[in-house]
Protein chains: 2
Amino acid sequence: MSSHSSGPVGVFTFRLNAVSNLSSPISYALGRLVGNVRTFPAHQDIVRQGDRPSQCCVVLRGWVSRNKVLEGGVRQITALHIPSTIPDLQSLMLPQMDHNITTVTSVEAGFIPHSALRHLMTEFPSLALAFWKETLIDGAIAREWEVNLGSRPAAQRIAHLFCEMATRLEHVGQADRIENALSFPWPLTQGQLGEATGLSAIHINRTLQELRARGLIEFTRQQVQITDLDRLTHFAGFNPDYLLSEKPGQSASLIDAYERAVASI
Amino acid sequence: MSSHSSGPVGVFTFRLNAVSNLSSPISYALGRLVGNVRTFPAHQDIVRQGDRPSQCCVVLRGWVSRNKVLEGGVRQITALHIPSTIPDLQSLMLPQMDHNITTVTSVEAGFIPHSALRHLMTEFPSLALAFWKETLIDGAIAREWEVNLGSRPAAQRIAHLFCEMATRLEHVGQADRIENALSFPWPLTQGQLGEATGLSAIHINRTLQELRARGLIEFTRQQVQITDLDRLTHFAGFNPDYLLSEKPGQSASLIDAYERAVASI
DNA sequence: CGCTTAAATCAACTTAGGTTAACTTATTGT
DNA sequence: ACAATAAGTTAACCTAAGTTGATTTAAGCG
């Protein structure tokens, strides 16, 4: 069993640091709280709508989605979470989950009891501020998804999501950039991509082909390759400001930290 | 000029209390910080995308929208704010606004300097938790809007928004209920309703007529009347849990508080 | 390794919702 | 009370996206 400050948990504390500059005692204590690291298979609920969790889940490897399922069985993915985030952090303040947290890939996740987090927040009020800030960034992403769902045609909508994920993945060192080209893992099926963008799987397929024909992206198995990020950015009307990207310097150290963490597994 | 703990400011502190049960010294201090109360005309930006505010805005009367404008000039409303909320609370933690805050109606708004809020949060860490909780509820509402925009057909989408606003307005005593019928002010034009739901103004018009024909809603000038809330709720697939409604008891005291506040203007 | 199941792809057809433009009804301002 | 403007309504037409069903390719799996 891999466990604390070394190993994948590092991904988590290092990113919180980059976003909020936590002091090292907080960051150390937080890393130590992550326990009970488990591996989940793909397409499994970690937390369900209506649950009243007593612990928070930290994504250490793999992707998870927030999603809601309507009566008819239609599923809407409202957010995608990549390693280093706590998708159900809200359960600390809002007792009942209003949505599911579901694995997209096989996922390694750790858990922190609410009680431990509450104690730590009492001891270090700045931790609450860091969590609040995470929630605010999540909110900014949700707003951009609303714009995407409400106002962009299919091709731009999909392109915008690719731009966002490319940017977020690059921040945690999970995208490869060569000049202006970016490639990164893409574990969503076309059906799931449709659930995230509010489009049918068939229309996703058509539109993906259009994007390929325009030379904006390439697909190889589970990888997306953005041929020219500037061109795709312009096409999608993407403005990365809402992601509150870390400055280049911090980003670089994050990548190092991540790679060290992964290497030590 | 009306100003502090009496008058419309009461709407604000009373609601924060209901959501997070702030102790009375905090609530009192917070109410006193709201100054510089101004009246804005309808359709005016209070804060703009890209701004770096040094104060937060408290909505005391009227409605405001969060919105983003795309290059082509299309506007997407991502949230509606009714009295008692701080729409740009995030500016305290995220320096740059990622969206506009625009008045829908004529609006009375007060302002609190960031510095004052920061001091108060340092003195009372539970205030930061209350703000975080507000942000989380905002996030839950945004997720439901994502579902609405991505997964519901026009009639259900509009109906769902009516259900949500009816519920939220009832919490702050701004909806009249007679049995199962609810009526409340509706200041959005059909065009703005389209901007909130990602539909064209013409299609809003068509769909509104369908909802009227089905006997689900009635329109009189600036009022919406829900004929039978249960029926509309069922039609829209609305589940109010995500709004974290106060329990009936608290709700009632809120209404009283609101009415006292309004009466004292 | 072939068998099974899930994704992806393709084509034909349907439909919800967008668009344009003409016209009517409310508001607003003077 | 009037003109001027904004909002609501209606109709005709168009298109982006949904749907159904058949076919191919790729991914697990015993």
Side-chain angles (χ1 to χ4, degrees), chain A residues 41-44 70 72-77 102-106 148-161 185-214 217-224 235-236, chain B residues 41-44 63 70 72-77 102-106 148-161 185-214 217-224 235:
Chain A
H43 315 299
Q44 196 177 52
L70 305 195
V74 180
R75 180 188 304 262
Q76 177 69 44
I77 294 178
T102 310
T103 61
V104 172
T105 60
S106 143
N148 218 24
L149 290 162
S151 303
R152 277 192 267 261
Q156 279 85 339
R157 203 183 294 184
I158 297 171
H160 194 279
L161 182 60
W186 189 265
L188 298 214
T189 65
Q190 295 187 2
Q192 291 171 318
L193 182 49
E195 290 173 346
T197 52
L199 298 164
S200 70
I202 284 86
H203 198 57
I204 291 283
N205 187 279
R206 283 196 280 251
T207 311
L208 243 21
Q209 290 180 48
E210 184 197 328
L211 291 175
R212 278 184 289 221
R214 285 167 178 263
I217 56 159
E218 282 169 43
F219 256 102
T220 58
R221 265 144 286 196
Q222 306 257 310
Q223 286 271 115
V224 168
F235 176 77
Chain B
H43 314 299
Q44 196 177 52
W63 291 22
L70 305 194
V74 181
R75 181 188 303 262
Q76 177 69 44
I77 293 177
T102 309
T103 61
V104 171
T105 60
S106 145
N148 218 22
L149 290 162
S151 303
R152 278 193 266 262
Q156 279 84 339
R157 204 182 294 184
I158 296 170
H160 194 279
L161 183 60
W186 190 266
L188 299 215
T189 64
Q190 296 188 0
Q192 291 171 318
L193 182 50
E195 291 174 345
T197 52
L199 298 164
S200 70
I202 285 85
H203 198 57
I204 291 283
N205 187 279
R206 284 195 280 248
T207 311
L208 243 23
Q209 288 179 48
E210 184 197 329
L211 291 175
R212 277 184 289 220
R214 285 165 178 264
I217 57 160
E218 281 168 44
F219 256 98
T220 57
R221 258 141 296 192
Q222 307 257 310
Q223 286 270 119
V224 168
F235 175 76

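Every chain is numbered from 1, with letters handed out A, B, ... down the list of sequences.
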- Message: Below the 4.0 Å mark, does dT9(D) have OP1 or OP2 next to a side-chain nitrogen or oxygen of Asn205(B)?
- Response: yes
- Item | Closest to the Gln190(A) side chain, choosing from dG17(C), dG18(D), dA8(C) | dA8(C)
- Task: Could you state the atom-to-atom distance from NE2 of His43(B) to P of dT27(C) in whole Å?
- Result: 13 Å
- Message: Taking any heavy-atom pair under 4.0 Å as a contact, classify Arg212(A): base, sugar-phosphate, or nothing.
- Response: sugar-phosphate
- Item | Identified side chain to side chain contact (heavy atoms under 4.5 Å, CB included) partner of Thr197(B) from the options His203(B), Arg157(B), Gln192(B), His160(B) | Arg157(B)
- Has the side chain of Arg157(B) got a donor or acceptor that lies under 3.5 Å from a partner of the other kind on the base of dG17(C)? no
- Interatomic distance where CD1 belongs to Ile204(A) and C1' belongs to dC10(C) [whole Å]: 16 Å
- side-chain hydrogen bond (donor to acceptor under 3.5 Å, both in side chains) test vs Glu210(A) passes for just one of Arg206(A), Arg212(A), Arg214(A), namely Arg214(A)
- N/O (side chain, Gln222(A)) to phosphate O (OP1/OP2, dA26(D)) under 4.0 Å: no
- Quickly work out the His203(B) NE2 to dG8(D) P distance and round it to whole Å. 16 Å
- Note on the structure: Winner on side-chain proximity to Ser200(A), out of dT9(D), dT19(D), dA17(D), is dT19(D)
- Task: Quickly work out the Leu149(A) CG to dG17(C) C1' distance and round it to whole Å.
- Result: 16 Å
- Can you tell if the side chain of Leu208(A) reaches within under 4.5 Å of the side chain of Ile158(A), non-hydrogen atoms only? yes
- Separation of dT9(C) P from Leu208(A) CG (nearest whole Å): 7 Å
- Message: From CG of Leu188(A) over to P of dA6(C), roughly how many Å is that when rounded to an integer?
- Response: 18 Å
- Item | Of the listed nucleotides dA7(D), dT9(C), dT9(D), the one nearest the side chain of Thr189(B) | dA7(D)
- Val104(A) to Ala42(A) - nearest heavy-atom pair and separation: O-CB, 3.4 Å
- Of the candidate nucleotides dT9(D), dA12(D), dA8(C), which contains the atom at the shortest distance from the side chain of Arg206(B)? dA12(D)
- Base, sugar-phosphate, or nothing for Gly198(A), non-hydrogen atoms under 4.0 angstrom? sugar-phosphate
- Query: Rounded to the nearest Å, what distance is computed from the CH2 atom of residue Trp186(A) to the P atom of nucleotide dA26(D)?
  - Reply: 21 Å
- Quick one: Arg152(A) CZ to dG17(C) P, roughly how many Å, whole number? 20 Å
- Message: Nearest to the Ile202(A) side chain among dT10(D), dA7(D), dC10(C), which nucleotide is it?
- Response: dC10(C)
- Are side-chain heavy atoms of Arg152(A) and Leu70(B) found at a separation under 4.5 Å? yes
